Number of protein chains: 2
Amino acid sequence: MAMPNKGDYLTTIAWENDGVKMIDQTKLPESLEYITCKNYMDIADAIKKLAIRGAPAIGVAAAMGLALCANNSTCNNKAKMMEELGLAYDILLKTRPTAINLKWGLDKVFEEAKKYDRVDDIKKNTILEAIKMSHDDITTNKLLGKFGSDLINDGEVVMTHCNAGALATVSYGTALGVIRSAMEAGKKISVIATETRPVMQGSRLTAFELVQDGIDVSLIPDTAVGYLMSNKMIDKVVVGADRILKSGHVFNKIGTYQVALLAKVHNIPFYVAAPLSTFDMDSNKEDIVIEERSADEVVKIGEKRIAPVGVRIFNPAFDVTSPELIAGIITEKGVIYPPYELNLRSLFKSDK
Amino acid sequence: MAMPNKGDYLTTIAWENDGVKMIDQTKLPESLEYITCKNYMDIADAIKKLAIRGAPAIGVAAAMGLALCANNSTCNNKAKMMEELGLAYDILLKTRPTAINLKWGLDKVFEEAKKYDRVDDIKKNTILEAIKMSHDDITTNKLLGKFGSDLINDGEVVMTHCNAGALATVSYGTALGVIRSAMEAGKKISVIATETRPVMQGSRLTAFELVQDGIDVSLIPDTAVGYLMSNKMIDKVVVGADRILKSGHVFNKIGTYQVALLAKVHNIPFYVAAPLSTFDMDSNKEDIVIEERSADEVVKIGEKRIAPVGVRIFNPAFDVTSPELIAGIITEKGVIYPPYELNLRSLFKSDK
């Protein structure tokens, strides 16, 4: 179970021959293409342009980026190599501000590097650590998927927003991992995917990977969420997360907050599925930077301009969902229920 | 005030030399092009493909379509001509099912035709009636704009969804008429326009006409509505309507319901601006057909495919907003407040 079963589901990212091979998600759904990153700057570019995205996936990508930096290094002593790794760490950390997994992945590899004195040992062990993280990600997703599966009943319709699937992780997915696990348990599940403007991760990625798996999926515009909920066409909502605070506040793709609020008003349970690496037990809500992305994401689709020249654009990439809107947070250690502050504190006290 | 002031705002549709000239809204915002409809089938096609859209605009278009049918007719007696008009009536009525104004426009011209015995009088008077309706539409919008303007305070940020502007009417607009009127009254107003997936009337049309007018407008993805509301970036919401029932239920562009619900939860007043021709005092909510439109609107933008082959699409064009979410309905007779059933009954008793 620790090794990726490549036959089953898409593998988003993998270490391969001194490079990092990943699906170029900017090309989906038109074509399934791979790129190979040969150094950490390639990884930083891939994260910035969303060739790879999704909190767990960019955590592993950043970890592999740091391992690439070590592997490519010509430094002949530990001090110089740690300096070089520190530089790469900063550059990789700055690629995207909101998801915590980026820092988590970088810290893991950086701490591993610190343990060894010889340059060759640092190279070997940072690579091993990054590869292990990619395998652990799949194990984690299958575990949390199994816990989440118990929340979904046979025959239910599950809505998801953005992509928290195989393509947001190394494989299998978090929110879509819950759906896969429910299906593997023999339940018949239908999925409603929101398009997720502006980057269209719902249309391009979630619909793509569910169609590939033969899972029953319907795509709706983000404007139709209220319509479906008020017409009793949705039984549960499951989404991923980019950062979860100790208070239970969830930072996730723009639009998550309104989906959660609409679910609350319509009495539809709203769940968040995320590994423990997504939790930030130190920060407060006000500390977190919400990334604002380029106007081009809104004014253009491909090369086609869909908004007039001269219009101002506001394009925040994430929003915050309050704990009172969340029925449960599905992790690899089980489902966390309210009160989140209390229950998360006990979980992390016993676990970390 | 009864005549369109062409210098001021875009004119969407006008009778011109035995034809009907209209802006081809499928070409916006890239280019401002006009098409001329020579017969009622051209009008029906223009409505179906959304070259012209917006409840008041398609009401006038259908009326002009029926007048074109009369004008082009070679029938030499009233009975035959009325039969031909009846056929055109049915074809025009079926172009789109949800907006009531289509039927209202057709009925006005058809009733006018009935009044005359001579074929030439029918031709002349149906054309005059259709032209009068186009002038009245502007008068109506300016009146309702003025009533609505009193609800908007200096310096406020007003959100609107879809396009209820000059382009949804003959000119000036309903929801955007309220904003124009507030600005003409010397108030400084900023507008937030939602993109309005899938057809993007917010990006393509609302942003376009407000940029043309030099009105301060920012465009946001439909997913960012909750974010802006929770961050206190919106003071009021004003939208148009395709059909308003005697109960106060408002049928409007998909996404309106969730904007209204989000506004309610965030204590932001949500107003609907619509002429009396948009009211349907006969039907119940269950009687109204919600048009479901082509999957292509969701899977493609221009020629670019944004969703995978094989995904199912659900694309309802309208939704229903309950009266309890609506702070007021702005009409040319003043603002109607709850209880809507009672207040609408008195209004229509005294008026129609």
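Residue numbers start from 1 in every chain, and the chains themselves are labelled A, B, ... in the order their sequence lines are given, proteins ahead of strands. Hydrogens, waters and symmetry mates play no part in the numbers below; they use all other heavy atoms, side chains included. Model, not experiment: these values are computed from the prediction.
Near-neighbour residues of residues 223-231 of chain A relative to chain B, defined by a heavy atom under 4.5 Å from a heavy atom of that chain, comprise T223(A), A224(A), V225(A), G226(A), Y227(A), L228(A), S230(A). Using a 4.5 Å heavy-atom cut-off against chain B, the contacting residues of residues 288-299 of chain A are I290(A), V298(A). Contacts between residues 312-326 of chain A and chain B, counted as heavy-atom pairs separated by less than 4.5 Å, involve R312(A), I313(A), F314(A), N315(A), P316(A), F318(A), D319(A).
F208(B) is listed as a side-chain neighbour of L167(B), based on a closest heavy-atom distance under 4.5 Å. Taking the side chain as every heavy atom from C-beta outward, T196(B) and N163(B) never approach each other to under 4.5 Å. Residues V158(A) and V237(A) are not in side-chain contact: their nearest non-hydrogen atoms beyond the backbone lie 4.5 Å or more apart. Looking at heavy atoms from C-beta onward, T174(A) lies out of side-chain contact with Y172(A) at the 4.5 angstrom threshold. The shortest side-chain heavy-atom distance between T278(A) and D242(A) does not fall under the 4.5 Å cut-off. Residues Y34(A) and D24(A) fail the side-chain proximity criterion, which asks for heavy atoms closer than 4.5 Å.
If you measure heavy-atom distances from L261(B) to chain A, the contacts under 4.5 Å come from the side chain alone. Using a 4.5 Å cut-off between heavy atoms, V211(B) touches chain A through its side chain atoms alone. In this structure, chain A has heavy atoms under 4.5 Å from both the backbone and the side chain of P308(B).
The salt bridge (charged side-chain N to carboxylate O under 4.0 Å, His left out) test applied to D280(A) returns R243(A), not counting sequence neighbours.
In the model, S283(A) has no side-chain atom that pairs as donor or acceptor with a side-chain atom of D287(A) under 3.5 Å. Side-chain contact, Q201(A) with R53(A): no donor N or O sits under 3.5 Å from an acceptor N or O.
Screening K300(A), R305(A), K304(A) for a salt bridge (Lys or Arg N to Asp or Glu O under 4.0 Å) involving E30(B) leaves a single residue, K304(A).
Considering only heavy-atom pairs separated by less than 4.5 Å from chain B, the leading option among P221(A), A260(A), A193(A), P198(A) is P221(A).
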Please test E209(A) against R204(A) for salt bridge (charged side-chain N to carboxylate O under 4.0 Å, His left out), starting from the C-alpha separation and ending with a verdict.
CA-CA 9 Å; E209(A) 62 171 272; R204(A) 295 191 306 105; over 6 Å; no
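Across all their heavy atoms, C162(B) and T194(B) have their closest contact at N-OG1, 3.8 Å.
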